[in-house]
Amino acid sequence: MATAGKVIKCKAAVAWEPNKPLVIEEIEVAPPQANEVRIKIVATSVCHSDLYHLFEGMHKDGFPTVLGHEAAGIVESIGPGVTEFQPGDKVIPLFLSQCKECRFCKSPKTNQCDKGWAAQNHDVMALPETRFTCRGKKVLQFVGTSTFSEYTVVNTIAVAKIDPAAPLDKVCLLGCGVCTGFGAAVNTAKVEPGSTCAVFGLGAVGLAAVMGCKSAGAKRIIAVDINPEKFEKAKVFGATEFVNPKDHSKPISQVLAEMTDGGVDYSLECVGNVAVMRSALESCVKGWGVSVLVGWTDVDDFAARPIQLISGRTWKGSLFGGFKSKDGVPDMVKAYLEKKVKLDEFITHTMTLDQVNDAIDLMKHGKCIRTVLSVSPQ
């Protein structure tokens, strides 16, 4: 392309400081260095992790930054040494890298990777090096991706090449939320056919977890949320029952235990709230119940009575649904194209990048499941 090897000036939504609206700015995006690709972002969605960094984590060293990490785009140019990608390839940038060389990548037990921002700067949620500048200042790349920008530069260990037939304004959701929830049920919990599951929190991640439970053959899928409006949506993805903790004077774990003869086989916490994590664990049946932490948070400690685990429950966590990112995302795109996974049903709003603050407000107030922002024309 004519822009290869040159600095690109483009539009991006910059978070100059925590807890403040994003500002639409013109930024400079440097050409890709060795083992990097520059991507034209076509569509990006707003995920709760963007809000977490802006409103909850608020680490002073994590700003200014360009947020956004759930996106899809087209390779504009490639850096030296890149053979895996070509300009024009459809891709999904990944917040979780897969170098395929470290001890974690080589192990079938995990999807963690020793390379990338998460291994070094999980609190700042960015690496110190960046390809972005704005008004003469260095601007960080949130979780190595920064998709609230018309162009971004990403290391090839954090980019997945996808089927050219994939609609980018739909498959962008596979960059985080849908894989996170679906995989937590299928890969991490390893939900079994005929089992009983409870999913706490019915945002995009929770609904994807419901979809994962159904895909794995669960017989009962109990959706738990304090917003009753979410149940109709949960039914679409496979929920069989709905419980609103506000409708009960007893603890939710007790309500679920009474509904399920002592507790559910699997529970998935998709909120990122330590009190809900405890409730989800206590909702599991003794002996074999498995509870998975899916909601992202690193602010508070969590707690439970040791007897909960001594009596045979398992408490575990899941990052990106246990998918090895570069391998798993193209497979999920294929599953969508084969109609084995729903994506369109998650999208409640579509907007442009200029409306990113409106999209953030919708999510902050629980008024959307996913808002997809169109960033650049294809």
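FYI, the numbering just counts along the sequence from 1. Fair warning: this is a prediction, and the values are worked out from it, not measured in the lab. Just the heavy atoms: all of them, side chains too, but no hydrogens, waters or symmetry mates, feed the values below.
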S.K.: Have a look at E25 and tell me which of R135, K137, K9, K11 forms a salt bridge (Lys or Arg N to Asp or Glu O under 4.0 Å) with it.
M.R.: R135

S.K.: Can you tell me how far apart CE (M277) and SG (C270) are? Round to the nearest 0.5 Å.
M.R.: 10.0 Å

S.K.: Do E84 and K326 meet the salt-bridge criterion of a basic N to acidic O distance under 4.0 Å?
M.R.: yes

S.K.: Tell me whether E338 at atom CD has more than 12 heavy atoms from other residues, nucleotides or ligands lying less than 6.0 Å away.
M.R.: yes

S.K.: Would you find more than 12 non-hydrogen atoms of other residues, nucleotides or ligands less than 6.0 Å from I226 atom CD1?
M.R.: no

S.K.: Would a distance-only check, ignoring hydrogens and angles, find a side-chain to backbone donor-acceptor pair under 3.5 Å from K90 to P164?
M.R.: yes

S.K.: Can you tell me how far the CZ atom of F182 sits from the OG atom of S215, to the nearest 0.5 Å?
M.R.: 3.5 Å

S.K.: Can you list the steps and then say if T180 with W296 is a side chain to side chain contact (heavy atoms under 4.5 Å, CB included)?
M.R.: CA-CA 10 Å; T180 295; W296 176 274; over 6 Å; no

S.K.: Once the angle between the rings of F95 and H69 is folded into 0 to 90°, is it parallel (under 30°), tilted (30 to 60°) or perpendicular (over 60°)?
M.R.: perpendicular

S.K.: Can you give me the closest heavy-atom contact between S318 and G322, atom names plus distance?
M.R.: OG-N, 3.7 Å

S.K.: For the backbone of K334 and the side chain of D163, can you confirm whether one donor and one acceptor N or O come within less than 3.5 Å of each other?
M.R.: no

S.K.: Around atom NZ of K342, are there more than 12 heavy atoms of other residues, nucleotides or ligands at under 6.0 Å?
M.R.: no

S.K.: Tell me whether the centres of the aromatic rings in F302 and W315 are closer together than 6.0 Å.
M.R.: yes

S.K.: Is the closest side-chain donor-acceptor distance between Q355 and T352 under 3.5 Å?
M.R.: yes

S.K.: Sub-3.5 Å donor-acceptor pair from the side chain of R370 to the main-chain atoms of F346, do we have one?
M.R.: no

S.K.: Under 3.5 Å, is there a donor-acceptor pair between the side chain of R131 and the main chain of R38?
M.R.: no

S.K.: In this structure, are over 12 heavy atoms from other groups packed under 6.0 Å from K214 atom NZ?
M.R.: no

S.K.: Can a donor-acceptor pair be found, under 3.5 Å and without considering hydrogens, that links the side chain of K233 to the backbone of E229?
M.R.: no

S.K.: Closer than 3.5 angstrom, by distance alone: can the side chain of E269 be matched with the main-chain N or O of G272 as a donor-acceptor pair?
M.R.: yes

S.K.: Do the numbers put K364 on top of the ring of F55, so that NZ or CZ is under 6.0 Å from the six-membered ring centre and no more than 45° off the axis?
M.R.: yes

S.K.: Mind checking what makes side chain to side chain donor-acceptor pair (under 3.5 Å) contact with Y52, not counting sequence neighbours?
M.R.: none

S.K.: Can you tell me if N19 has over 12 outside heavy atoms packed within less than 6.0 Å of its CG?
M.R.: yes

S.K.: Show your working on salt bridge (Lys or Arg N to Asp or Glu O under 4.0 Å) between K230 and E232 and close with a plain yes or no.
M.R.: CA-CA 6 Å; K230 296 213 171 155; E232 285 309 311; over 6 Å; no

S.K.: Distance-only, no hydrogens or angles: does the T65 side chain make a donor-acceptor pair with backbone N or O of L67 under 3.5 Å?
M.R.: no

S.K.: Mind listing the closest non-hydrogen atom pair of M363 and C47 along with its distance?
M.R.: SD-C, 3.6 Å

S.K.: Would you call E241 and R220 a salt bridge, taking side-chain N to carboxylate O under 4.0 Å as the test?
M.R.: yes

S.K.: Charged N to carboxylate O under 4.0 angstrom, R103 versus E101?
M.R.: no

S.K.: Answer yes or no: is there a donor N or O on one side and an acceptor on the other, between the side chain of T145 and the main chain of T147, under 3.5 Å?
M.R.: no

S.K.: Between the main-chain N or O of F104 and the side-chain N or O of D114, is there a donor-acceptor pair closer than 3.5 Å?
M.R.: no

S.K.: For K115, is there any backbone N or O sitting under 3.5 Å from a side-chain donor or acceptor partner on S97?
M.R.: yes

S.K.: For E150 and S376, which I'm curious about, is there any donor-acceptor pair between the side chains at under 3.5 Å?
M.R.: no

